[in-house]
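This report concerns only the one structure given below.
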Amino acid sequence: MNQAENVIEVEGLTKVFNHSLTAVDHIDFSVKHGEIFGFLGPNGAGKTTTISMLITVLKPTSGTATILGGDIAKQSLDVRNAIGVVPQEYTADEDLTGYENILLCADLYGIPRSISKKRALDLLQLVELTAFKDKRVQTYSGGMRRRLELACGLINRPKVLFLDEPTLGLDVQTRAATWNYVKMLKKQFGMTLFLTTHYLEEADALCDRIAIIDHGKIVVIGTPSALKDSLGGDIITLSIQKDADITDIISEIEHVKEVKKENASYIIKSSNGELTAPLIIEALRKNGYVVTKLSLTKPTLNEVYLQYTGKSMRDAEESRENVFKQRAAVRRARQ
Amino acid sequence: MSQNKTAPADVEETQVSKNRFHGLWALTHRDLKKWYQNPVVFILGIIQPVLWLALLGKAMNIGAIFSSASMPPMPQQLVATLTAQQQQLLSGWLGGLQSQIMTSTFNTGDYFSFMAMGMVAFVTVFTTAFTGMSVVWDRRLGFMNKVLSTPVARSTIVVSKVISAAIRSVFQAAIVTVIAYLLGLQLGANFTVFSVLGVFAIVFLIGIGLSSMFTAITLRTTRMETPQAIFNLVTLPLMFASSAYFPTNLMPSWLKAIADVNPISYTLDAVRRLMIFSNGYSGLVTDFVYVGAFAAVVTAICIVLSWRFLNK
């Protein structure tokens, strides 16, 4: 395959639920061969709906997408054969052992046992679960389950691997370890990766390109550094003692590009924050205002996210953890 | 990029299975494994029919109603008018009446035997109803999502559920039959060794049909309450509007009309004909054709629905 060729091409992909709720609204994007493509967005933005359509589990209302040239609606069987999926939930069967789970996945891809047995053992070794391969999955920890899901998603040697929130609900250490596995596996198998995550710093470190989706539309797409640059520089956040409009005063100051009032604080964009901050304090003091708080941030993906979705990731994060807890409760209820 | 840097030891391409039904046995076996590897479920599944047989089967001792012990004594005026010989003939006739009534009603002199064979259908209904639950579980636990993203045919997913339920039903029916025999099942003149195979065959067919029905109902459901409610709603009429506990020809006409189209009645007619009746095999072909057609139609509906509805 041509290295520069697009592995995933999405055109006008739309999903409307019950004729009223538009979860994904005419999105277009493409993913290049060998790329790690990150999909970010708040809760209910349409990330999982998009992934579900791409992995052929959900039929699009309109629009098309091709994966490795195969249409997701018309050649869904070819697409399913070529991709690997690591879903958001833990999908392994709790009553079976890790090894049995991987073999079951292999059977679902029609891989003969003569091949799948060896491959399963190799994958278990890769994700360091060999010692636990004959233990039932119910005894696994969260990190072990994630690794098992990764191994299952790789059993058919996919050319494109979809990871939906692969580190959801894991502690910091396990999250880092999981990403290391992902990176290692990508290197070993030369796959294209499509992932969603809500840990922005991880997306920043890992992804070649990022798309931010909100209300079913892609609001911005680009490399992490291009996205950060697009914010137009550093961000100064400040509060003053009095409730007054100081927008005009600040706008006059050198390097300041934009002033926005949000609640009780001002968000100021500057192409050179270190220089602007003292100037602002000085100017405000001259006009009789007292600065109570001031912070200077170099743009991170968090700011990019805030800029394009109007929401901080933290708000979304909490409700996600709740969703995750509920899922865990369902799992426990079963035993 | 780094496509061919550190290729794994076995570099053969993934073979795409040409078999349209690949994964069928893997999924069926998964369901069966969850069943036989879980001793509690397995043993409870066996205990349940034992309890029903021992308690309900033996408690409803309908034969005793007609025994001479429960008959009122002959009126004194009547006895006075009869000679000793006439009295003897009359009590002889009355004594024989019991088995005659029983045989003309139930086709066997022993109600326990009639009812025990009804239990075969009972355990099948219960076993297959749980397939609906297992579809919902697979959905809730995410397993279904995973399977849906693999190249397994949608029909294979539902058919695996249906087959595993039918296999479990046959196993349960076998246990019921063995226990019933130990508790005093009276085999009829029709019984041969092949009868057992016939019973397994018809239970497999009705198991396919019923589990397809329950699976079809729960294809879109993600809530546990729905299949439970449906299960409660459906099982009672399914069992009582059939010949499971009582012959249909003594039912009121409206109930008989329902019971006469209920595939469970046909299943039980076949089971009883093979095991406990003594009046030949006529009607057996009708039973098998009817239950087979029911299974085929419902499974076909379930498969068609799975193409349409088995997604996220």
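Because the structure is a prediction, the values reported are computed rather than measured. Below, read A as the first sequence line, B as the second, and so on, with proteins coming before strands; counting in each chain starts at 1. Just the heavy atoms: all of them, side chains too, but no hydrogens, waters or symmetry mates, feed the values below.
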Could you give the distance from [atom1] ([X]) to [atom2] ([Y]), rounded to the nearest 0.5 Å?
{"X": "Q88(A)", "Y": "N145(B)", "atom1": "CD", "atom2": "CG", "value": "9.5 Å"}
{"X": "L148(B)", "Y": "S52(A)", "atom1": "CG", "atom2": "OG", "value": "10.0 Å"}
{"X": "F143(B)", "Y": "E94(A)", "atom1": "CZ", "atom2": "CD", "value": "12.0 Å"}
{"X": "I83(A)", "Y": "T150(B)", "atom1": "CD1", "atom2": "OG1", "value": "9.5 Å"}

### Message
So which atom in K34(B) and which in D93(A) form the shortest heavy-atom distance, rounded to 0.1 Å?
### Response
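For K34(B) versus D93(A), the nearest heavy atoms are NZ-OD1, 2.6 Å.
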### Query
What closest approach, in Å, do R30(B) and L96(A) show between heavy atoms, and which atom pair accounts for it?
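For R30(B) versus L96(A), the nearest heavy atoms are CG-CD1, 4.3 Å.
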### Query
Is the number of heavy atoms from other residues, nucleotides or ligands under 6.0 Å of Y181(B) OH greater than 12?
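No, not enclosed.
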### Message
Within a 6.0 Å radius of atom NZ on K133(A), are there more than 12 heavy atoms belonging to other residues, nucleotides or ligands?
### Response
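Yes, enclosed.
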#### Entry: E89(A) and K146(B) ion-paired at < 4.0 Å
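No.
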### Query
Are K33(B) and D95(A) within salt-bridge range, i.e. N to O under 4.0 Å?
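Not counted as a salt bridge, because no side-chain N and carboxylate O are separated by less than 4.0 Å.
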### Task
Answer with side chain, backbone, both or neither: which region of L108(A) has an atom nearer than 4.5 Å to a non-hydrogen atom of chain B?
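Both parts, backbone and side chain.
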#### Entry: Under 4.5 Å from any heavy atom of chain B - which part of R113(A)
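The answer is neither part of R113(A).
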### Greatest number of heavy atom pairs closer than 4.5 Å to chain A - which of P151(B), A26(B), S149(B)
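So the answer, after comparing P151(B), A26(B), S149(B), is P151(B).
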